[in-house]
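Just below is one structure, and these are the notes that go with it.
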Amino acid sequence: MRTSLSVLCAAFLASMYFRSYFGVVGPLVSDDLALSPVEFGWLASAFFGSFALLQIPVGIAFDRWGVRWPMASMMVMGAAGSALIASSSGFWSAFAGQVAIGIGCARIFMGILYYLGRHHSPDTAARLAATVSSVGSVGALISASPLSFFTAEWGWRAACWTASATMLACALSIAASLRRAPSARSALRTTERGTWRLPKLLYLVPIVSHFHWAARSETLGRDHISQASLGMARMSALS
């Protein structure tokens, strides 16, 4: 179980990295590929568009084939998408890469919850999900200052190649480490050993809090930057 938990943490870390890495890499890509503001907007939103559109198909795939192979195969596609961006020479290749990354990341978090829920009782699954969320959230931190330093030293293409290799390693680890999901009857017996009561659901608080405060911090950050820019503009006008 320790091996599979480590693999799930690494996969979620990669997903969290790709969710926010474009804030650092995007302007560099735009300058290098000479993108227009409209093209940059499409490129920035391509990840989230493909990510959102696949949520229902992801659930159907998990119910039919389990977690291991759908999750591993789509993560390989995400790795290919990052490699495509690293080698892109124009808007359309970079756009396709972003779409592929969104497809690769779409299955990760839901796959983790599905896998833990099928193999463990509710209280254990909730604790493990909180652990995976806490460890994997480091990926969002890596996509900030460490990524800025990396791109300054080696360039954004090297960063994308490195992320592609990491995603591919995670995909292979998922394929090699995850167990086959139990049958529906076995999963029902596992679920019956615990019930989703409020004290057990409290283990999900770190997960919800993380996404809430991340979004709030981003909004406050944008407001702070806007107010600071407005203040500087007023001071310039007065002087």
Side-chain angles (χ1 to χ4, degrees), residues 10-59 61 70-113 133 136-144 146-148 150-151 155-171 174 207 210-212 214-219 221-222:
F12 188 55
L13 188 148
S15 176
M16 291 300 295
Y17 168 87
F18 279 115
R19 292 186 194 194
S20 52
Y21 89 109
F22 203 75
V24 174
V25 171
L28 303 176
V29 176
S30 180
D31 291 341
D32 198 6
L33 302 183
L35 302 180
S36 68
V38 174
E39 290 174 331
F40 179 80
W42 277 104
L43 199 60
S45 60
F47 170 92
F48 299 99
S50 59
F51 188 100
L53 289 174
L54 276 178
Q55 293 309 303
I56 293 178
V58 160
M71 188 171 172
S73 61
M74 303 310 284
M75 288 180 68
V76 170
M77 182 176 293
S82 186
L84 184 58
I85 293 178
S87 58
S88 62
S89 58
F91 167 73
W92 287 109
S93 56
F95 181 82
Q98 279 286 89
V99 170
I101 293 175
I103 293 173
C105 293
R107 295 176 181 261
I108 293 178
F109 188 59
M110 293 308 300
I112 290 170
L113 297 182
S133 177
S137 296
V138 176
L141 301 178
I142 295 175
S143 66
L147 180 59
S148 297
F150 190 98
T151 54
W156 66 269
R157 293 184 186 272
C160 290
W161 281 117
T162 303
S164 175
T166 302
M167 186 72 139
L168 180 60
C170 290
I174 288 290
I207 302 175
H210 165 75
F211 290 112
H212 168 74
R216 182 172 176 81
S217 298
E218 182 179 357
T219 302
R222 287 198 300 265

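The chain is numbered in sequence order, starting from 1. On a predicted model such as this, the values are computed, not experimentally measured, just so you know.
Counting only heavy atoms from C-beta outward, the side chains of M16 and I142 never approach each other to under 4.5 Å. For the pair I101/I85, a side-chain contact is recorded, criterion being any heavy-atom separation below 4.5 Å from C-beta on.
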What side-chain donor-acceptor pairs closer than 3.5 Å can you find for residues 41-58, not counting sequence neighbours?
unit_1	atom_1	unit_2	atom_2	d
S45	OG	G41	O	3.0
S45	OG	W42	O	3.2
S50	OG	A46	O	3.2
S50	OG	F47	O	3.1
S50	OG	V99	O	3.0
Q55	NE2	F51	O	2.7
Q55	NE2	A106	O	3.4

Return all side-chain donor-acceptor pairs below 3.5 angstrom for residues 158-165, not counting sequence neighbours, or 'none' if the list is empty.
unit_1	atom_1	unit_2	atom_2	d
T162	OG1	A158	O	2.8
S164	OG	A79	O	2.6

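Across A11 and M75, no two heavy atoms sit closer than the pair CB-CE, 3.9 Å. Closest approach of L141 and P146 over heavy atoms only: O-CD, 3.3 Å. Closest heavy-atom contact between A171 and V76: CB-CG2, 3.8 Å.
Applying the side-chain hydrogen bond (donor to acceptor under 3.5 Å, both in side chains) test to S143 and every residue at least two apart in sequence or in another chain returns S20. Every residue was checked against the side-chain contact (heavy atoms from CB on, under 4.5 Å) condition with D31, not counting sequence neighbours, and none meets it. Every side-chain contact (heavy atoms from CB on, under 4.5 Å) that A72 has, sequence neighbours left out, goes to I174, A175. Not counting sequence neighbours, the partners of V24 by the side-chain contact (heavy atoms from CB on, under 4.5 Å) test are L147, S148, T151. Legend: residues meeting side-chain contact (heavy atoms from CB on, under 4.5 Å) with S89, ordered by chain and number and at least two apart, are absent. Remark: Y21 pairs with Y17, F18 by the ring-ring contact (aromatic ring centres under 6.0 Å, His included) rule, at least two apart or across chains. Listed by chain and number, the residues in a side-chain hydrogen bond (donor to acceptor under 3.5 Å, both in side chains) with S30 amount to none (sequence neighbours excluded).
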For this session: Would you check, one step at a time, whether the test side chain to side chain contact (heavy atoms under 4.5 Å, CB included) holds for M167 with S82?
Result: CA-CA 9 Å; M167 186 72 139; S82 186; over 6 Å; no

For this session: Begin from the C-alpha positions of L33 and E39 and carry the test side chain to side chain contact (heavy atoms under 4.5 Å, CB included) through to its verdict.
Result: CA-CA 10 Å; L33 302 183; E39 290 174 331; over 6 Å; no

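The distance from the CE atom of M74 to the SG atom of C105 is 10.5 Å, given to the nearest 0.5 Å. Separating the CZ atom in F22 from the CZ atom in F40 is a distance of 5.0 Å, to the nearest 0.5 Å.
Ring orientation note: the planes of F95 and F91 are tilted relative to one another, at an angle of 30° to 60°.
Not a single donor-acceptor pair under 3.5 Å links the side chain of S15 to the backbone N or O of F12.
Residue pairs satisfying the salt bridge (charged side-chain N to carboxylate O under 4.0 Å, His left out) criterion with at least one member in residues 99-113, sequence neighbours excluded, are absent.
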